[in-house]
Amino acid sequence: MTDSSPEGRTNTAKKQSQISVILSRFGKKGTIYVSAAALALGAFVGAASFEPNPARAFAQGENVSQGEGMRQKLPSFAPLVKQVKPAVVSIRVKSDAAAKAAFGDDEGGPRGNPFEGSPLERYFGGPGGPRGGFGPWGRAPGGKGGPRQLVTAQGSGFFISPDGYLVTNNHVAQDAVSLEVVMDDGKIYTAKVVGTDPRTDLALLKVDGRNDFPYTKFSHSGAEIGDWVVAMGNPFGLGGTVTAGIVSARGRDIGEGPYDDFIQIDASVNKGNSGGPTFNESGEVIGVNTAIYSPSGGSVGIAFAIPAPTVERVVAALKDKGHVTRGWLGVQIQGLTPELADSLGLKTTAGALVAAPQSGSPAEKAGIKTGDVITQVDGTEVKDGRDLAKKIADIAPGANAKLTVLRDGETKTVDLKIGQLPEKPTQRASLSDDGRTGLNDLGIAVAPAADVSPNDRQGLAVVGVEPGGKAAEAGLAEGDIILRVGDQTVNRPGDLKRALTEASKSGKKNALALVKRNGDQRFVALPAVS
């Protein structure tokens with residue numbers, strides 16, 4: 001509205017006069033700057049002289065935002081949430097505080113590493129302080145031992161059938177003395193553990209007394225990178241909470257276990273979300289939330305879910321037998337790096353390199369040898385060591401399998417009967433080290449293993465590694481035992497030097513070294529020495 005009073009007209013005239021004086025000082029050379037100044041001052045005068053018109057502003061804004069082809073409606077997940085939220089539950093767990101705890105906090109909650117003994121163990125800080133890394137909730141420091149007592153923790157889960165079967169994480173249900181399921185409507189039921197699978201961190205629970213529980217279905221269409229997803233659960237004990245995001249990546253390997261195949265999402269997942277479902281836009285479960293990456297302890301937009309196909313297979317086995325049986329080959333395997341492939345005379349890095357067959361295993365009985373490269377299982381290509389482990393695990397124990405291997409440059413076929421994966425891993429030996437003999441070209445100090453470790457009679461013990469040296473870059477560490485380089489055994493430093501020199505004379509950039517670490521064997525590509 002224009003101020004038409006004498007005082008208002010006088011103020012406006014004064015401001016216009018000020019603008020004229022400023023413009024006259026710029027002259028002809030300042031045309032661009034004059035225009036900018038005029039616009040700025042004009043806006044100032046306009047602001048002082050006119051009141052805004054909300055109706056007009058709204059109309060103009062509506063014109064732009066609602067113009068044909070201009071307006072984009074963001075997705076609403078409300079219908080999906082109404083459909084599936086009743087099937088998602090909170091799980092209250094009473095467990096022995098002296099056992100491995102499922103949750104850690106800073107306020108007297110149970111402490112410990114819920115993944116101790118599993119492939120995810122190395123991503124969690126030990127007693128004495130937290131560390132950034134992978135974890136289901138960004139754990140707090142581990143606590144000291146104390147009197148045995150029952151403590152209560154919380155997680156998430158979801159029903160998969162109307163008769164009361166529900167899925168959660170193994171680290172939620174493990175060591176449970178009692179389990180309570182809290183429905184979305186507040187009703188509480190007692191649950192029992194049907195079976196658990198620590199290797200995939202999954203557990204199957206059962207609630208009795210009803211045959212009409214709301215339940216979810218698993219997706220069979222897969223999850224594509226960029227797809228919208230909705231995560232549901234019980235973060236921080238707040239009850240049914242919904243977060244949304246997209247699939248950020250697939251096939252993530254976040255641990256040392258051979259079965260890692262996680263879906264990465266950016267929907268917020270926090271402490272208490274463990275065991276909850278991730279849905280696609282059709283309301284189907286694409287995964288079970290199990291871990292986050294968090295330097296701070298809270299969500300930073302990187303969460304990991306166990307894919308639905310894996311969950312379905314494990315749940316079916318748990319429901320049938322109470323445990324999961326997997327095929328077993330019995331070899332220590334590793335992937336091929338370009339350096340390892342070069343030292344073996346291979347042109348590609350496809351396949352799984354056998355570091356050692358285990359004594360009495362199906363692989364040893366069938367004649368699989370150290371240095372073999374397994375390239376196919378029953379005619380299907382093997383991408384790497386993890387791919388081989390997954391393929392073998394999916395074969396029923398007792399079934400026959402045909403392996404294609406490369407040995408000394410030749411392709412061979414090996415027929416064998418698949419064994420059953422043992423439930424518990426074997427104990428690994430430790431190595432103490434003292435004494436040192438220098439090998440400056442590699443940046444390591446070595447000594448005969450027989451002089452260093454009472455458990456090792458052959459090989460060279462690595463008793464010192466120069467940071468940033470060639471040996472360190474190749475992956476050697478103190479405590480390693482170098483058993484063989486190329487086709488030569490090495491028991492003295494001179495043996496190692498000679499083998500590396502011969503590799504260089506034969507035109508190789510790297511020499512294949514067989515190394516033992518903590519009882520396991522693996523290959524390392526050491527730089528050849530001229």
Side-chain angles (χ1 to χ4, degrees), residues 81-97 99-103 105 109-110 114 136-137 150-198 200-218 230-243 269-279 283-285 287-290 305-306 308 311-312 314-319 322:
V81 172
K82 290 179 182 178
Q83 173 190 341
V84 300
K85 193 167 181 284
V88 182
V89 301
S90 299
I91 300 176
R92 295 176 184 169
V93 184
K94 285 187 178 180
S95 59
D96 191 335
K100 290 177 290 186
F103 297 87
D105 55 44
W137 334 274
L150 293 180
V151 293
T152 301
Q154 298 190 63
S156 303
F158 57 99
F159 283 104
I160 59 170
S161 66
D163 56 347
Y165 284 97
L166 64 148
V167 173
T168 187
N169 281 144
N170 172 69
H171 73 257
V172 172
Q174 69 177 3
D175 303 314
V177 175
S178 66
L179 292 162
E180 287 185 338
V181 172
V182 184
M183 302 283 291
D184 187 52
D185 60 7
K187 293 180 180 178
I188 300 175
Y189 296 90
T190 300
K192 62 181 180 181
V193 177
V194 176
T196 63
D197 183 41
T200 55
D201 194 25
L202 289 168
L204 181 66
L205 310 182
K206 179 70 164 66
V207 175
D208 295 323
R210 282 179 56 180
N211 290 304
D212 60 346
F213 284 105
Y215 65 97
T216 60
K217 294 182 179 180
F218 291 106
V230 173
M232 293 189 188
N234 181 32
F236 304 110
L238 295 172
T241 298
V242 180
T243 56
V269 173
N270 287 286
K271 170 184 173 180
N273 270 114
S274 291
T278 294
F279 294 100
E284 300 168 329
V285 176
V288 177
N289 302 319
T290 191
I306 306 165
V311 180
E312 277 199 292
V314 171
V315 164
L318 293 178
K319 187 175 181 180

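In what follows, every heavy atom counts, from backbone to side chain, and hydrogens, waters and symmetry copies are set aside.
- Proximity of Val88 to Asp184: side-chain heavy atoms (C-beta onward) are nowhere separated by under 4.5 Å.
- Contact record, Val93 with Ala176: CG1-CB, 3.7 Å, taken as the closest heavy-atom pair.
- Within a 6.0 Å radius of OH in Tyr215, no more than 12 heavy atoms belonging to other residues, nucleotides or ligands are found.
- Side chains of Phe236 and Thr241 form no contact here, defined as non-hydrogen atoms less than 4.5 Å apart.
- The closest side-chain heavy-atom distance from Ile160 to Phe218 is below 4.5 Å.
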Next on the checklist: Applying side-chain contact (heavy atoms from CB on, under 4.5 Å) to Phe159 and Thr216, what does each step give before you reach the verdict?
Outcome noted: CA-CA 6 Å; Phe159 283 104; Thr216 60; over 6 Å; no

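- In plain terms, the two heavy atoms of Ser90 and Gly239 that are nearest each other are OG-CA, 4.2 Å.
- Residue Leu202 comes nearest to Val311 through the heavy atom pair CD1-CA, 3.8 Å, listed as atom of the first residue, atom of the second, then distance.
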Item to check | Audit row: Val84, Phe158, side-chain contact (heavy atoms from CB on, under 4.5 Å) steps and yes/no | outcome: CA-CA 9 Å; Val84 300; Phe158 57 99; over 6 Å; no

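- Between Asp163 and Asn211, some side-chain heavy-atom pair lies under the 4.5 Å cut-off.
- In this structure, the separation between NZ on Lys319 and NZ on Lys206 is 8.5 Å, given to the nearest 0.5 Å.
- Here the closest heavy-atom approach between residue Pro277 and residue Gly157 is recorded as CD-O, 4.4 Å.
- Screening Val207, Leu205, Leu179, Asp208 for a side-chain contact (heavy atoms from CB on, under 4.5 Å) with Lys192, the sole residue that qualifies is Asp208.
- Residues Asn169 and Ile306 meet the side-chain proximity criterion, which asks for heavy atoms closer than 4.5 Å.
- Residues Val182 and Gln154 are not in side-chain contact: their nearest non-hydrogen atoms beyond the backbone lie 4.5 Å or more apart.
- We find the CG-OG1 distance between Leu318 and Thr200 to be 7.5 Å, quoted to the nearest 0.5 Å.
- Going from atom OG of Ser274 over to atom CG of Asn170 covers 11.5 Å, rounded to the nearest 0.5 Å.
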Checklist entry - Could you go step by step and tell me if Thr278 and Asn289 meet the side chain to side chain donor-acceptor pair (under 3.5 Å) rule? => result CA-CA 7 Å; Thr278 294; Asn289 302 319; 2.5 Å; yes

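- With a 4.5 Å cut-off on side-chain heavy atoms, Leu166 and Ile91 count as touching.
- Here the straight-line distance linking atom OG1 of Thr168 with atom CD of Gln174 works out to 11.0 Å at 0.5 Å rounding.
- Judged by distance alone, the side chain of Asp185 and the main-chain N or O of Lys187 form a donor-acceptor pair under 3.5 Å.
- The minimum heavy-atom distance between Asn273 and Gly233, with the atom names listed, is ND2-CA, 3.5 Å.
- Pro86 and Pro214 make their closest contact through O-CG, 3.4 Å (heavy atoms, listed as atom of the first residue, atom of the second, distance).
- Of the inter-residue distances, the one linking His171 atom NE2 with Thr196 atom OG1 reads 13.0 Å to the nearest 0.5 angstrom.
- For Phe213 and Tyr189, the distance between ring centers is under 6.0 angstrom.
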